[in-house]
Amino acid sequence: GRSGDGGRSWQRVALAVKHPHLDVMAVALDPKDPLLVYVGTHEAGVLKSNDGGITWREANTGLGGLDIHGLAIEPNVPSKLHAAVREKGIYRSSDRGGKWTRVDDGPGGEVKVLASVNIPTGMGGIYLYAGTAGGLQRSADCF
């Protein structure tokens, strides 16, 4: 759903015509463009909206599957996203979801949430955090 009044009221957002009732697993917002929204679903992969959720299109080129359990946008470089694809691993896009490339197997256990965090280390300092059924796991985004 979408709210325009700070969460006091919500309206349903239609994501896709061929999947009218999608199971949304993740939402990621571009920190520099409030109209750019991504959702990860069980059935249709990653969907992207450039107009604040009014219209959507699939953004699945290169993904190894359509069961997305986490999405994360790099805070300093919002064109860079990561997606946790169930039983397929972690995928990265450097062009706002235009094309995805598999980067690793992902954490052990089923991913419940994925976040990209910039920690000032002097060496880039981008880490992916994954909340799983087995706890919190972290990986340096150095690949």
Side-chain angles (χ1 to χ4, degrees), residues 1-107 109-133 136-143:
R2 177 174 61 189
S3 176
D5 59 8
R8 286 190 296 276
S9 64
W10 292 83
Q11 68 185 87
R12 187 171 185 80
V13 175
L15 294 172
V17 174
K18 67 181 178 179
H19 299 282
H21 303 290
L22 289 173
D23 189 2
V24 174
M25 298 297 295
V27 178
L29 307 168
D30 187 309
K32 296 183 178 167
D33 181 354
L35 297 178
L36 186 50
V37 183
Y38 304 87
V39 296
T41 71
H42 267 312
E43 309 89 343
V46 176
L47 300 175
K48 176 182 177 179
S49 174
N50 291 313
D51 55 16
I54 297 168
T55 60
W56 297 86
R57 66 177 176 81
E58 293 182 1
N60 296 323
T61 303
L63 279 177
L66 299 179
D67 192 357
I68 309 301
H69 278 233
L71 286 174
I73 294 179
E74 184 175 319
N76 293 340
V77 186
S79 60
K80 185 176 176 184
L81 299 117
H82 287 88
V85 182
R86 186 171 186 216
E87 298 180 0
K88 303 294 181 181
I90 301 292
Y91 286 74
R92 179 178 58 222
S93 172
S94 297
D95 60 0
R96 292 182 167 81
K99 182 180 177 192
W100 297 89
T101 304
R102 188 177 185 278
V103 292
D104 69 26
D105 291 340
E110 184 177 336
V111 173
K112 306 289 186 183
V113 64
L114 190 68
S116 181
V117 179
N118 181 22
I119 300 173
T121 63
M123 296 172 45
I126 300 297
Y127 289 89
L128 286 177
Y129 284 86
T132 71
L136 183 66
Q137 299 184 46
R138 181 177 85 169
S139 174
D141 179 14
C142 56
F143 33 74

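When reading the values below, keep in mind they use all heavy atoms of this one structure, side chains included, and skip hydrogens, waters and symmetry mates. Keep in mind it's a predicted model, so treat the numbers as computed, not measured.
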Indicate the atoms forming the closest heavy-atom contact of [X] with [Y], along with that distance.
| X | Y | result |
| --- | --- | --- |
| Ala130 | Leu114 | CB-CD1, 4.0 Å |
| Ala59 | Leu63 | O-CD1, 4.2 Å |
| Gly40 | Leu71 | N-CD1, 3.4 Å |
| Ala72 | Ser116 | CB-N, 3.5 Å |
| Ser139 | Asp104 | OG-OD2, 4.4 Å |

Is the closest side-chain heavy-atom distance between [X] and [Y] below 4.5 Å?
| X | Y | answer |
| --- | --- | --- |
| Leu47 | Val24 | no |
| Leu29 | Val37 | yes |
| Ile68 | Val85 | yes |
| Leu81 | Trp100 | yes |
| Leu136 | Tyr129 | yes |
| Arg92 | Thr101 | no |
| Met25 | Thr41 | no |
| His42 | Leu22 | no |

Are Leu128 and Ile90 close enough, and set up right, to give a side-chain contact (heavy atoms from CB on, under 4.5 Å), and what steps lead you there?
CA-CA 10 Å; Leu128 286 177; Ile90 301 292; 4.2 Å; yes
Kindly indicate, with the supporting measurements, whether the criterion side-chain contact (heavy atoms from CB on, under 4.5 Å) is fulfilled by Val27 and Val39.
CA-CA 4 Å; Val27 178; Val39 296; 4.1 Å; yes
When you measure from the side chain of [X] to the backbone N and O of [Y], does any donor-acceptor pair fall under 3.5 Å?
| X | Y | answer |
| --- | --- | --- |
| Ser79 | Asp95 | no |
| Lys48 | Arg96 | yes |
| Asp30 | Pro34 | no |
| Asn60 | Val46 | yes |

Sole candidate of Leu36, Asn76, Ile73 that passes side-chain contact (heavy atoms from CB on, under 4.5 Å) when paired with Pro31:
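For Pro31, the side-chain contact (heavy atoms from CB on, under 4.5 Å) test succeeds with only one of Leu36, Asn76, Ile73, which is Ile73.
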Pair His69-Lys112, side-chain contact (heavy atoms from CB on, under 4.5 Å): steps then yes or no
CA-CA 6 Å; His69 278 233; Lys112 306 289 186 183; 5.8 Å; no
